[in-house]
Number of protein chains: 2
Amino acid sequence: MARLAGVSRATVSYVLNNADAVRISEPTRRRVREAARELGYVPHAAARSLRAGHSRMVLMPAPAFPVGPVYSQFINDLQVALGRLDYTVVQYGTVGVHDDEAARAWAELRPVAVLVPGSGLGPRGVAVLKRSGARAVVTLGPETVEGAHALLMDHDVVGHSAGAHLFDQGRRRIGVVVPREPGLEAFSAPRLAGVRAALRGTGATVTELPLAHDEGAAARLAARWCELGLDAVFTYNDEYAMLLMRALQDAGVRVPEETAVVGADNLMLGRLLRPRLTTVHLDLPSGAELAALVDRAVRDPAAAPEAHKVMGASVIRRESG
Amino acid sequence: MARLAGVSRATVSYVLNNADAVRISEPTRRRVREAARELGYVPHAAARSLRAGHSRMVLMPAPAFPVGPVYSQFINDLQVALGRLDYTVVQYGTVGVHDDEAARAWAELRPVAVLVPGSGLGPRGVAVLKRSGARAVVTLGPETVEGAHALLMDHDVVGHSAGAHLFDQGRRRIGVVVPREPGLEAFSAPRLAGVRAALRGTGATVTELPLAHDEGAAARLAARWCELGLDAVFTYNDEYAMLLMRALQDAGVRVPEETAVVGADNLMLGRLLRPRLTTVHLDLPSGAELAALVDRAVRDPAAAPEAHKVMGASVIRRESG
DNA sequence: TTGAAAGCGATACCAA
DNA sequence: TTGGTATCGCTTTCAA
């Protein structure tokens with residue numbers, strides 16, 4: 001670069017990195033800085049991390065489906081928290097690629113840590129990442145993966161809370177909405193399983209209700225509501241709750257008298273519905289906690305992978321059930 | 001790497017890149033590939049792009065606020081479309097950094113193209129990026145920036161459509177909700193300005209209504225609704241519409257008889273409200289179009305920056321106004 | 001058909 | 001206090 005500023009590149013490096021090991025005269029520093037500014041010099045991250053043998057990049061796959069405010073906020077907090085620890089968070093757009101192929105694509109960037117939501121990464125993928133220099137691989141999903149740290153976020157508990165709550169309210173024939181939208185199975189399946197688990201052995205029944213997120217589908221489901229004979233429904237989340245509750249009301253089904261409705265995610269919109277929506281609130285780990293875990297793992301990559309159950313769920317009782 | 005597979009690294013490179021310039025014997029290819037698999041070898045993107053002098057990385061700043069389904073979908077389509085053209089999309093988590101500082105941070109990664117939503121990037125930032133090798137800088141915002149391609153998405157038209165519609169409906173005292181949430185000014189200010197522009201010279205009045213996205217704030221606003229004397233309100237988007245409409249109804253204000261309500265973004269929830277929400281639908285450019293623009297710009301970086309007006313807005317009339 | 005070697009940009013050691 | 005130089009991993013040209 002600006003060794004046209006009259007000095008060697010080594011000097012440039014010293015100045016721009018405020019190296020304290022060597023001392024550079026003030027005039028030289030100024031000359032270098034000025035030259036850098038004039039030329040619009042920006043260091044080359046690839047060259048730097050090639051030389052250094054490591055980077056401060058934390059890689060996450062970009063979510064492949066429209067994501068709600070809860071997750072948005074989580075990512076955001078995480079970015080801020082990791083930024084404070086001087087990491088750079090990068091969301092990598094992995095289109096349709098899966099598993100090992102995705103892991104290899106990520107590994108090419110030689111991130112210092114990889115955070116993977118969901119269950120798209122297997123032990124082989126983890127191995128690829130670690131061999132390529134990732135000092136921490138953290139999965140955020142329902143189960144631990146060999147070799148990786150895990151933040152166990154089993155959506156099971158969400159369904160479990162909802163199911164237990166409805167049972168306590170005296171409901172015995174419980175429907176569970178399962179979104180037809182692709183990409184959501186990772187959340188919907190455990191939520192359904194959680195309801196089943198909560199009701200196992202109680203004699204209450206659980207009916208799976210596939211539902212697309214559009215009015216027509218909701219109306220059709222509502223139309224056969226009597227025939228289904230359900231006295232409660234857990235709707236996967238608040239948005240599906242709004243959709244279904246509207247359809248039920250339009251079909252003349254009284255909520256909560258004839259059918260209780262419970263959503264999840266505790267979105268603002270639930271409070272605005274009438275009746276006000278009972279919902280399951282999720283306690284996600286704070287961005288700062290996760291950032292701290294990542295940092296610890298990076299500093300001591302040899303440590304045994306930690307696994308933490310981090311998702312709490314609690315019912316917020318309002319009017320719909 | 002696996003020159004422990006008995007060959008030179010040159011050969012490895014040839015094999016793994018399917019170089020057609022040179023011919024490698026089939027047995028050698030097999031040996032190399034097997035060794036690569038066994039060792040879990042993954043090429044080092046930094047080294048590669050350092051040597052090549054360029055990358056296929058398209059960089060976007062990660063949004064700093066919870067983002068709705070419309071934008072989510074847009075990003076997603078874009079990622080898919082650019083992926084088809086063999087680019088890799090990376091969302092860079094720029095915490096609180098702004099302007100030139102952000103531009104420099106991005107430039108360090110030497111992306112081949114940079115897409116910047118909003119108006120956070122000035123001509124200096126563009127210059128930094130281009131000097132550091134970005135072959136295309138595209139802004140997605142209200143105005144063109146010197147040196148960059150622009151997809152002009154002036155939210156002005158959203159407000160304009162809403163204002164004109166309400167005026168056509170005979171409304172003359174029009175409120176405009178402006179979210180208090182930080183990070184949304186980039187959208188809310190032009191939407192407000194659009195309403196003003198649509199009504200300029202008509203004698204209709206425009207009243208700015210700052211509103212936080214919570215129930216209390218909405219209730220307080222609704223409580224002084226009579227005193228405000230408005231006969232219509234454009235609520236920035238559908239979510240604020242839901243919030244305010246609920247508060248108005250709870251306060252006994254009849255919608256649309258006393259006050260018309262118009263939202264924006266055409267979210268599903270608007271259809272589920274009663275009265276059904278009139279809204280402004282946004283026509284964003286498809287991911288494929290934007291991807292094509294990026295690709296063209298990358299192929300011919302010398303070409304004059306293009307500027308396209310790409311945002312259309314149309315009112316979807318339902319029941320609320 | 002394969003190997004040797006230069007070079008991309010930044011850093012860190014050693015010598016001047 | 002500074003400059004020269006080896007090095008990181010990979011691609012590519014030239015030679016063998």
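Order of the sequence lines fixes the chain letters, A, B, ..., with proteins taken first and strands second; residue numbering starts at 1 for each chain. Model, not experiment: these values are computed from the prediction.
At dT2(C), one or more side-chain N or O atoms of S25(B) fall inside 4.0 Å of OP1 or OP2 (strictly under the cut-off). For dT1(D), the OP1/OP2 oxygens have no side-chain nitrogen or oxygen of T28(A) closer than 4.0 Å. At dA10(C), none of the side-chain N or O atoms of N17(A) fall inside 4.0 Å of OP1 or OP2 (strictly under the cut-off). Residue T11(A) has no polar side-chain atom (N or O) positioned under 4.0 Å from OP1 or OP2 of dT2(D).
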Could you list, one pair per line, each protein nitrogen or oxygen that sits under 3.5 Å from a nitrogen or oxygen of nucleotides 14-16 of chain D, together with the distance?
none

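Sorted by residue number, the members of residues 47-57 of chain B with any non-hydrogen atom under 4.0 Å from DNA chain D read A47(B), R48(B), R51(B).
Partners of R51(A) under the salt bridge (Lys or Arg N to Asp or Glu O under 4.0 Å) rule, at least two apart in sequence or in another chain, do not exist in this structure. The side chain to side chain contact (heavy atoms under 4.5 Å, CB included) check on V126(B) picks up L121(B), K130(B), V137(B), V145(B), A148(B), with sequence neighbours excluded. Every residue two or more places apart in sequence or in another chain that forms a side chain to side chain contact (heavy atoms under 4.5 Å, CB included) with A150(A) is listed here: T139(A), T144(A), L152(A), A307(A).
For the pair L16(B) CG and dT11(D) P, the interatomic distance rounds to 8 Å; values are reported in whole Å. With rounding to whole Å, R110(B) atom CZ is found 7 Å from dA10(C) atom P. In this entry the distance linking CZ of R29(B) with P of dT2(C) reads 9 Å, nearest Å. Between L109(A) atom CG and dC8(D) atom C1' the separation is 17 Å, expressed in whole Å. Taking atom CG of L39(B) as the reference point, atom P of dG9(D) lies 14 Å away to the nearest angstrom.
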Which donor-acceptor pairs under 3.5 Å do the side chains of residues 286-294 of chain A make with protein atoms, sequence neighbours left out?
| unit_1 | atom_1 | unit_2 | atom_2 | d |
| --- | --- | --- | --- | --- |
| S286(A) | OG | A288(A) | N | 3.4 |
| S286(A) | OG | E289(A) | N | 3.1 |
| S286(A) | OG | E289(A) | OE2 | 3.2 |
| E289(A) | OE2 | S286(A) | N | 3.0 |

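For the 3.5 Å distance criterion, the side chains of W106(A) and T94(A) qualify, holding a donor opposite an acceptor.
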